[in-house]
Amino acid sequence: MAQKRLAACHRRELVNSFTRFMGHLKLHIPGPTEVSDKTFEAFRTPMIGHRSQDFKDLYAAVMPNLQALLYTERMVYLGTSSAWGIMEGAVRNLVSNGVLNCMKGAFSDKWFDVAKRCGKQAEALQVDWGSPILPEQIDERLATGKFDAVTLVHNETSTGVMSPLYDIAMLKAKYPDVMFIVDSVSSLSGVIIEFDKLGIDLLLAGTQKAFALPPGLSVFTASQAALDRAESINNRGYYFDLIEFQKNAEKSMTPSTPSIGHIYALKSKLEEIMAEGLDARFARHAKLAQMTRDWALRQGFTLFPEDGYESQTLTCVNNGAKPGGREIDVPKLQELMKQRGILIDGGYGRIKGKTFRLSSMGDETKETMQSLYNLLDESISQL
Ligand SMILES: *Cc1c(COP(=O)(O)O)cnc(C)c1O
């Protein structure tokens, strides 16, 4: 009874906030994620000239926090595009002879296609959706000597699978000349990634996932070896030319006019991240992902990712994509959740409807996640 009253109370609270935001649905999809009022407030700071001292001061102010977050002494670049701009740029800048694209879901699979569209010699290392990429699989392919670059999606957002980045990075010692390109779009700032220590050559992330900023800005960094490789490559274009980014970053500038509003928002967010503390932030993400997996199992679902490789920032619930799914009506669940003011994801690509995904990245807390589970329980009981 008390629980019912609590649920009704939660619903009233949500309906109230729902009307307050005039139809704003709270995002629990794995990107874009919910953006706080504080971040929007920073975003709307009046514009400045992008070649002014004010801009240089702004970039210089975010740089140390970005370097702390990426565990690097390298310059961190700011790209005005969603992550795909940098993902394509990385291929154009760093692949000379051939690239091995590690594929385990929608985003990583598409990178292979993008590499081919850039005119690069590309080969696929494909594992089943739901499985991670393992170091021995990469090792076996690199041993052929055919590749001078590898692309890896750390956290495959479509399947909720996180590959063992630290184990994979050990291969760098064996293949020092192979460019190690890592997409951390849905993991950076939610999970520790020590750029310098791991020997990654290019690490990139869009900011509309774990950073909880509006879409349109990317953060990335590159090793000296990556810059040397880029120097030797023709046809790397202009907009995503690493050499341009490095030259400009040395003067606290970007090659072209960036989304300045995003950089104000990023500054505000990085201050929050540092105030929370990196370890506390990573622990919070791990905890919330664990709570979500526990909720799914309590509800009688299984998880889509292979045991032990579940993402720390989102949960991909199996609903019949693999044996053991409950096979609920996912579009109906999404609709019932919308009526409660919350947007959840109904599965991506070919596992749409056979999985659904719940994001716990960004600004979520135990309380906001608990309220999500309560509303999911209510909605599921109405199916
Ligand atoms: C969202 C996402 C992308 C694509 O990002 P865009 O912002 O759409 O360019 C790439 N990789 C991963 C892992 C993602 O989650």
Side-chain angles (χ1 to χ4, degrees), residues 27-35 77-92 99 101-115 117-118 125-127 129-133 150-165 168 180-191 193 200 202-220 239-240 258-259 262 265-266 269 285 289 304-305 309-316 343-352 355-362 364:
L27 302 184
H28 264 289
I29 55 174
T33 54
E34 185 71 5
V35 178
Y77 313 128
L78 300 174
T80 297
S81 76
S82 76
W84 272 114
I86 316 300
M87 291 164 79
E88 176 169 316
V91 167
R92 291 193 65 182
V99 57
N101 298 111
C102 302
M103 295 156 65
K104 58 171 172 164
F107 293 105
S108 46
D109 292 7
K110 190 166 156 185
W111 217 347
F112 173 55
D113 179 42
V114 169
R117 290 192 199 198
C118 291
L125 190 179
Q126 178 84 64
V127 302
W129 284 30
S131 296
I133 299 285
V150 176
T151 68
L152 177 78
V153 171
H154 176 216
N155 189 54
E156 177 49 73
T157 317
S158 62
T159 60
V161 171
M162 198 170 258
S163 287
L165 180 61
I168 293 171
F180 184 24
I181 307 170
V182 179
D183 162 334
S184 60
V185 177
S186 58
S187 52
L188 189 64
S189 93
V191 179
I193 302 178
I200 301 170
L202 192 142
L203 180 73
L204 70 109
T207 50
Q208 82 276 25
K209 308 259 166 108
F211 280 88
L213 300 190
L217 187 75
S218 294
V219 162
F220 61 116
Y239 197 71
F240 296 109
S259 174
H262 269 103
L266 178 65
K269 178 54 69 185
H285 278 84
F304 185 66
Y309 297 99
E310 299 89 353
S311 167
Q312 310 266 320
T313 58
L314 75 132
T315 300
C316 186
L343 197 66
I344 63 164
D345 170 85
Y348 196 104
R350 58 182 155 91
I351 50 175
K352 192 178 168 77
T355 55
F356 63 94
R357 297 177 302 165
L358 302 170
S359 165
S360 47
M361 63 183 118
E364 301 306 334

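Note that ligands are numbered from 1 as they come in the structure, with each ligand's atoms numbered from 1 the same way. The structure presented is a predicted model; accordingly, all values stated were derived computationally and were not measured.
Considering only residues two or more places apart in sequence or on other chains, His262 meets the ring-ring contact (aromatic ring centres under 6.0 Å, His included) condition with Phe43.
The OG atom of Ser184 sits 3.5 Å away from atom CG of Leu203, with the distance rounded to the nearest 0.5 Å.
Applying the 6.0 Å contact sphere to OH of Tyr348 captures no more than 12 heavy atoms from other residues, nucleotides or ligands.
Considering Thr159, Thr315, Thr157, Ile351 in turn, Thr157 is the only one that fulfils the side chain to side chain contact (heavy atoms under 4.5 Å, CB included) rule with Arg357.
Near ligand 1, Ser82, Ala83, Trp84, Met87, Phe107, Val153, Asn155, Thr157, Asp183, Val185, Ser186, Gln208, Lys209 each place a heavy atom less than 4.0 angstrom from the ligand.
At least one test fails for Lys104 against the ring of Phe304: distance under 6.0 Å to the centre or angle within 45° of the axis.
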Practice item. Given side chain to side chain donor-acceptor pair (under 3.5 Å), test His154 with Ser187 step by step and report yes or no. Key: CA-CA 7 Å; His154 176 216; Ser187 52; 2.8 Å; yes

